[in-house]
Amino acid sequence: MKKITFQILVIITLLACNVYGGVIRSHSTPENQMQQPKPKLVVGIVVDQMRYDYLTRFDSKYGEGGFKRLIKDGFNCTNTQFNYIPTYTGPGHASVYTGTTPKYHGIISNNWYDKETKKFIYCVADDNYLPVGTTSESGKVSPQRMMVSTVTDELRMATQMRGKVIGIALKDRAAALPAGHSANAAYWFHGMDEGNWITSSFYMDELPKWVKKFNDSDIAESYFKTWDTFYDIDTYTESGSDLNNFEGGFNGQITPTFPYDLLKLKDYNNGFDILKSTPYGNNLTTDFALAAIEGEELGKDSDTDFLAISYSSPDYIGHNFGVNSKEIEDVYIRLDKEIERLLNELDSKVGKGNYTVFLTADHGAVDVPAYLQSIHVPADYFDSTAFRTQVKEFVTKKYGSSDLIESISNNQIFLNRSKMALLDLDLDDVQEDIVNEIINYKHIDKAYSATTMSSVFFDNGVEALLQKGFNQKRSGDVLYVFDPAVISYGKTGSTHGSGFNYDTHVPLLFYGQGIKKGSTVSRFEITDLAPTISALLNISFPNGAIGKPIEAVLD
Ligand SMILES: [Zn+2]
């Protein structure tokens with residue numbers, strides 16, 4: 001009897017290990033796992049605003065050494081989806097690296113209304129720290145609002161802090177969140193009249209020599225040149241006409257059409273900041289990433305290092321020119337060359353077979369609604385100012401107070417709790433009244449109260465996406481969702497943030513040490529990425545991870 005009980009216990013324990021660990025791979029014994037060499041360097045690449053279809057739409061323009069090398073010699077998860085709302089840069093980078101969603105990591109948006117301080121806060125702003133490497137105020141940054149550990153944190157702990165972790169991106173949040181809390185450094189680009197890579201005193205008090213050397217060079221200045229199409233513009237058959245009504249363009253140039261003389265335009269577009277909105281922002285990111293590999297000697301010893309790169313320029317270009325523009329086609333043709341340059345350098349500096357790369361995005365983007373309307377696909381613009389006025393009028397009429405609404409932001413309504421207590425109002429009643437009122441508004445497709453979000457479990461549909469993006473402490477009292485392809489945005493350019501496929505479907509490529517060749521159309525979620533890297537490195541999962549390792553990609 002005792003023996004049977006023991007056997008059952010063993011079976012249960014084994015099952016539990018499989019469920020929670022997921023690290024145990026059926027075809028390999030623990031011994032040969034131990035022997036499997038670990039990559040000397042993991043390079044995580046996030047492309048800001050890269051839709052999955054950019055891999056296929058521009059396929060005929062890509063060379064063999066960039067995206068195609070990752071696809072052909074690596075593993076392509078062709079149906080990888082973001083599994084929460086809102087699909088923004090801050091939450092996106094946090095989710096890629098923590099394997100969980102805003103519900104747990106707490107990065108509910110880029111900026112959000114803070115219920116405690118009654119102010120808007122920025123996801124990586126931190127007044128406890130000082131800018132390093134700039135005379136501006138823009139470097140007061142830390143990842144501390146992210147409440148869970150990242151795969152990069154887990155690597156640091158697993159190597160007793162010997163494995164180095166560096167985060168690099170033009171945007172501070174795209175560098176700081178991926179690098180995690182225990183990173184050696186995160187660097188981002190300060191444009192304006194400086195044009196330097198900077199950091200914050202969260203990481204260090206002074207820039208390392210190699211960063212100073214890079215900033216002292218004229219590499220950033222060298223990109224003040226003309227941006228024209230990489231190939232003859234007549235061959236750009238995968239995008240709309242260059243001149244149309246759906247694009248923004250730059251200050252100082254009448255039409256949003258090639259070529260763009262950046263040396264001339266920089267004076268009308270915040271100096272070095274204009275580079276962010278051109279493909280040269282990607283080049284500058286690769287330049288700096290390669291300097292980091294050299295300067296920090298990444299991938300040189302037996303402890304795995306991690307370089308987290310995010311290419312921010314595609315997002316700026318998408319916001320300005322839209323998904324269907326010649327400018328988007330050009331930035332991806334050029335980014336393909338940058339990926340090739342990066343891989344070639346990794347081959348020579350770290351060695352083919354010694355490193356592992358993944359490539360994904362932080363969110364996708366919607367086609368410009370005005371363009372969709374022109375081809376009769378349902379799409380529109382939401383008038384947020386009118387909505388705000390109407391909601392306030394409703395509340396005033398119903399409860400006799402105009403200041404019950406504290407904030408309407410990120411498709412959430414925040415109520416004034418103390419005012420409600422004063423008026424003796426019931427929270428659930430007010431939330432439900434507002435839900436029932438706003439669902440009648442044009443282009444509001446769904447609305448839910450915070451009480452519903454925290455008391456009912458949704459396992460699929462838009463409700464599940466909202467729930468995974470809902471943080472009980474930080475999110476608002478009422479959440480609402482627009483109709484498909486309806487955005488609160490200007491009439492030119494693309495944006496993102498929804499739970500629709502155009503925003504949630506992103507590339508996910510793995511390549512290199514420990515990665516199989518192949519592809520799958522099976523659905524994976526963005527939260528599976530970090531656990532997959534944890535399994536590859538045989539280290540702990542990020543502490544809040546909800547995803548599972550993608551077994552098919554692991555060798
Ligand atoms: Zn964006």
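Predicted model only: the values in this text are computed from it and were never measured. Remember, it's 1-based here, ligands and their atoms both numbered in the order they're listed.
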Checklist entry - Among T495, D48, T504, which one satisfies side-chain hydrogen bond (donor to acceptor under 3.5 Å, both in side chains) with H363? => result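 Single side-chain hydrogen bond (donor to acceptor under 3.5 Å, both in side chains) partner of H363 among T495, D48, T504: D48.
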
Next on the checklist: Quick check on the 6.0 Å ring-centre criterion: do Y511 and F75 meet it?
Outcome noted: no

Checklist entry - Does the gap between the ring centers of Y236 and F230 come in under 6.0 Å? => result no

Next on the checklist: Less than 4.0 angstrom from a charged side-chain N to a carboxylate O is my criterion; do R334 and D330 meet it?
Outcome noted: yes

Checklist entry - What is the total of protein N/O/S atoms that are closer to the Zn ion (ligand 1) than 2.8 Å? => result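 Number of qualifying protein atoms: 4.
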
Checklist entry - For residues S138 and H190, is any side-chain donor paired with an opposing acceptor at under 3.5 Å? => result yes

Item to check | 4.5 Å side-chain heavy-atom contact, T520 and F524 | outcome: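 T520 vs F524: side chains touch.
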
